[in-house]
Amino acid sequence: MMLVEGNQSAGATFILLGFSEYPNLQGPLFLVFLTIYTVTVVGNLGMIMIIKINPKLHTPMYFFLSQLSFVDFCFSTVVTPKLLGNLIVEDRTISFTGCFMQLFLACRFSLTETLMLAVMAYDRFMAICNPLLYTVIMSPKLCVSLVTGPYIWGILFSLILIYFLLELSFCGSNIINNFFCEYSVIVSASCSEPYISQMLCFVIAIFDEVSSLGIILTSYIFIFVTVIRMPFPGGRQKTFSTCASHLMVLTSFHGTVLFLYCLPNSKNSELIVKVGSVFYSAVIPMLNPFIYSLRNKDIKETIRKLMNQLIKVC
């Protein structure tokens with residue numbers, strides 16, 4: 001964080017307004033977000049554990065799913081604990097370094113998840129369109145390479161965003177009308193001309209979405225054509241079932257991202273933006289493990305066996 005130390009604004013502080021405009025709801029909101037975070041941690045870490053202990057789940061698809069669960073856990077952990085703290089204390093300030101570190105980690109895991117979902121779409125394409133060569137092509141080495149790409153992608157573009165954001169000046173206490181240090185609200189709080197930083201964020205966001213959605217749409221077009229050509233209806237139904245969970249996750253994640261970026265920038269929409277940010281950073285990471293587990297026989301069977309073993313021990 002040498003860049004932070006060198007920035008003349010490093011002594012500035014930020015105030016996260018969060019949901020402070022609803023003082024009577026601070027207690028109930030704390031319980032709601034604590035429940036969401038607890039379920040997120042248990043669900044995602046539980047998914048990783050289930051995949052690790054069941055040899056039947058040691059396949060590329062579940063390997064990528066475990067990585068998605070890890071990213072969701074990290075993303076939620078970066079955002080939610082600070083939100084919980086701000087709901088129970090009056091001091092909602094966050095240091096310059098702390099704010100930029102939270103922003104960097106949030107961007108990193110958000111961008112990583114975007115490309116990770118594209119990798120999972122490519123995996124489904126290979127499994128359905130090239131079933132005979134699937135195990136040969138999707139070797140452990142290739143799977144590790146495909147997973148490494150999203151992590152590098154997230155780190156690289158997050159560093160670029162942070163670098164240009166550190167070129168801005170910040171004066172004294174800066175009010176952030178959100179519950180975490182999100183890029184656009186930090187840019188709005190600066191004392192400098194934010195045009196370059198705003199355009200950079202827009203270009204990276206468009207590039208990220210176009211790249212990932214391009215891979216996803218191409219993969220599913222080939223999957224759809226392959227499924228339509230299947231001679232047996234039962235085979236089509238089974239194939240669509242294996243893709244249904246991934247499509248649900250894709251719809252919720254990218255739908256929320258596109259909604260937030262396309263929403264008109266007006267004061268009337270601030271609450272909607274906050275709600276969208278909550279869904280994006282807290283609710284989706286909680287829902288993902290359940291979307292996959294509720295439609296997956298192998299995962300449900302593993303959970304059932306674990307529950308039976310716990311009952312016998314107790």
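For clarity, every value in this text was computed on a predicted model and none was experimentally measured.
When side chains are defined from C-beta on, Tyr122 counts as touching Met138, because their heavy atoms get closer than 4.5 Å. A heavy-atom distance below 4.5 Å is found between the side chains of Trp153 and Asp208. Considering only heavy atoms from C-beta on, Asn174 stays 4.5 Å or farther from Thr13 through its side chain.
Legend: disulfide bond (SG atoms under 2.5 Å apart) pairs involving residues 115-160, not counting sequence neighbours: none detected. Residue pairs meeting the disulfide bond (SG atoms under 2.5 Å apart) criterion with at least one member in residues 44-105, sequence neighbours excluded, are Cys99-Cys181. Residue pairs meeting the ring pair (Phe, Tyr, Trp, His ring centres under 6.0 Å) criterion with at least one partner in residues 50-87, sequence neighbours excluded, are Phe75-Tyr280.
Under 3.5 Å, the side chains of Thr77 and Tyr37 contain a donor-acceptor pair of N or O atoms. Side chain to side chain, Ser76 and Thr80 meet the donor-acceptor criterion of an N or O pair below 3.5 Å.
Considering every non-hydrogen atom in both Ile216 and Ala118, the closest pair reads CG1-CA, 3.7 Å. Of all non-hydrogen atoms in Asp91 and Asn86, the two that sit nearest each other are O-OD1, 4.1 Å. Gln26 and Phe19 make their closest contact through NE2-O, 2.8 Å (heavy atoms, listed as atom of the first residue, atom of the second, distance). Between Thr226 and Ile128, the shortest heavy-atom distance links the atoms CG2-O, 3.8 Å.
Of the possible polar contacts, one joining the Ser69 side chain to the Leu65 backbone as a donor-acceptor pair under 3.5 Å is found.
Ring-centre distance between Phe14 and Phe170: below the 6.0 Å cut-off. Between Phe104 and Phe100, the ring centre distance reaches or exceeds 6.0 Å.
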Next on the checklist: With side-chain contact (heavy atoms from CB on, under 4.5 Å) as the criterion, how do Leu17 and Arg92 come out once you've worked through the C-alpha distance, each side chain's angles and the decisive distance to 0.1 Å?
Outcome noted: CA-CA 7 Å; Leu17 290 183; Arg92 296 183 173 89; 6.0 Å; no
